[in-house]
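Below: the structure, in structure tokens.
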Amino acid sequence: MKLLVFLLGYINIAECLRSEEMSSTYFDKKIDGLDLIVFDLDYTLWPFYVEYCDKPFKKTETDILDASGNQVKPYPHSTNILQKLSSLGYKIGIASRTSAVKDAAELVNSFEWTQYISYQEIYPTCKVQHFNQFNKQSGIPFERMLFFDDEEHNVADINGIGAVAILVDSGVSDSVVADGLEYFVRKQIIGK
């Protein structure tokens with residue numbers, strides 16, 4: 001009987017998500033009940049561990065280079081995603097547990113992302129501590145936060161405190177973020 005109730009509930013959720021209102025892209029308008037979207041840095045917004053980059057970085061007119069002259073770039077969609085989510089009215093946060101705090105912050109600034117980011121927690125500790133700081137600084141409850149990270153244990157930790165965390169496999173893209181936004185909506189529907 002429980003399985004039947006679950007399946008019927010799932011079908012109702014699936015039908016709701018297929019409705020015209022829900023089928024439009026989640027990048028069209030801000031989702032009610034979602035206020036803060038947080039991103040990890042390494043292998044989420046950019047395809048490397050900042051600790052292992054050849055530093056110092058150098059910003060030219062067109063590029064950011066490491067000390068060996070190699071170009072340092074984020075994932076192709078990262079900047080546009082941050083810009084779009086910010087323009088929709090979401091607060092954006094960065095949660096990175098890197099030991100290269102100064103270098104990570106320098107790259108965030110060099111990629112010109114600070115204009116989109118409201119909160120930055122960049123230091124080596126558990127992501128739960130980062131989220132506790134977001135909550136303290138913003139007053140936004142965990143249930144109104146969405147998080148993207150490439151490490152399963154971070155995703156599990158953040159899901160464990162009541163936020164919605166999404167595992168990222170090969171960096172963010174429009175489809176990864178859209179799927180995360182859709183999952184957030186599904187969790188809201190199931191939770192009601």
Side-chain angles (χ1 to χ4, degrees), residues 26-27 30 34-138 140 145-155 157-158 163 165-181:
Y26 289 94
F27 285 120
K30 188 173 181 295
L34 176 57
D35 296 320
L36 177 62
I37 301 177
V38 180
F39 295 90
D40 174 47
L41 292 173
D42 296 339
Y43 289 97
T44 301
L45 288 179
W46 55 53
F48 51 84
Y49 289 112
V50 71
E51 289 98 335
Y52 302 119
C53 289
D54 192 8
K55 296 170 273 299
F57 299 113
K58 177 183 178 185
K59 186 171 182 177
T60 69
E61 287 184 29
T62 57
D63 297 313
I64 299 168
L65 306 174
D66 68 12
S68 299
N70 298 313
Q71 190 176 21
V72 178
K73 299 188 302 190
Y75 282 112
H77 299 264
S78 295
T79 301
N80 289 337
I81 288 168
L82 295 174
Q83 184 278 325
K84 181 63 177 177
L85 293 173
S86 177
S87 74
L88 289 173
Y90 294 110
K91 298 288 185 189
I92 305 295
I94 297 295
S96 178
R97 59 183 185 92
T98 181
S99 60
V101 175
K102 180 180 170 279
D103 300 315
E106 178 185 346
L107 281 181
V108 167
N109 187 52
S110 294
F111 291 142
E112 299 179 359
W113 291 347
T114 54
Q115 62 187 311
Y116 311 120
I117 297 169
S118 300
Y119 308 101
Q120 288 188 61
E121 296 296 318
I122 303 175
Y123 45 86
T125 189
C126 176
K127 297 284 174 104
V128 171
Q129 186 172 340
H130 293 147
F131 273 73
N132 285 331
Q133 288 300 311
F134 294 141
N135 173 260
K136 182 178 177 181
Q137 294 169 20
S138 70
I140 298 170
M145 298 181 188
L146 175 62
F147 178 50
F148 294 88
D149 194 291
D150 67 305
E151 295 186 22
E152 288 182 29
H153 65 94
N154 292 331
V155 169
D157 287 348
I158 298 308
I166 305 297
L167 184 63
V168 174
D169 185 33
S170 299
V172 294
S173 65
D174 290 345
S175 63
V176 166
V177 174
D179 288 349
L181 292 168

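Since this is a predicted model, take the numbers as computed values, not measurements. Side chains included, hydrogens not; waters and symmetry mates left out as well; all remaining heavy atoms used.
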Side chain Thr98, main chain Ala100, donor-acceptor under 3.5 Å: yes
Contact summary for Tyr119 and Leu36, nearest pair of heavy atoms: CD1-CD1, 3.9 Å
Exceeds 12 heavy-atom contacts within 6.0 angstrom, atom CD of Glu152: no
Any donor-acceptor pair under 3.5 Å from Lys127 side chain to Ala95 backbone: yes
Where Asp66 and Asp54 come nearest, the two heavy atoms and their spacing: CB-O, 3.0 Å
Least distance between heavy atoms, Ile122 atom then Ala104 atom: CG2-CB, 3.8 Å
Shortest non-hydrogen separation from Phe131 to Ile158 and the atoms involved: CD1-CD1, 3.4 Å
Heavy-atom pair with the smallest gap, counting every atom of Lys55 and Glu51: NZ-O, 3.0 Å
Heavy-atom side-chain contact between Leu65 and Gln71 under 4.5 Å: yes
Contact check, side chains of Ile37 and Val177, non-hydrogen atoms, under 4.5 Å: no
Derivation and outcome, side-chain contact (heavy atoms from CB on, under 4.5 Å), residues Phe134 and Ile140: CA-CA 7 Å; Phe134 294 141; Ile140 298 170; over 6 Å; no
Salt bridge (charged side-chain N to carboxylate O under 4.0 Å, His left out) assessment of Glu106 paired with Lys59: CA-CA 10 Å; Glu106 178 185 346; Lys59 186 171 182 177; over 6 Å; no
Side chains of Val155 and Ile166 in contact at under 4.5 Å (non-hydrogen atoms): no
Flag, side chain of His130 to backbone of Thr125, donor-acceptor distance under 3.5 Å: no
Asp35 side chain vs Lys91 backbone, donor-acceptor pair below 3.5 Å: no
Close side-chain approach of Val168 and Tyr43, heavy atoms under 4.5 Å: no
Side-chain donor/acceptor of Asp40 to backbone N/O of Ser96, under 3.5 Å: no
side-chain contact (heavy atoms from CB on, under 4.5 Å) assessment of Val108 paired with Tyr116: CA-CA 10 Å; Val108 167; Tyr116 311 120; over 6 Å; no
Considering all heavy atoms, the nearest Glu151-Asp149 contact: N-OD1, 2.7 Å
Listed once per pair and sorted, the side chain to side chain donor-acceptor pair (under 3.5 Å) pairs that draw on residues 76-90, sequence neighbours left out: Thr79-Trp113
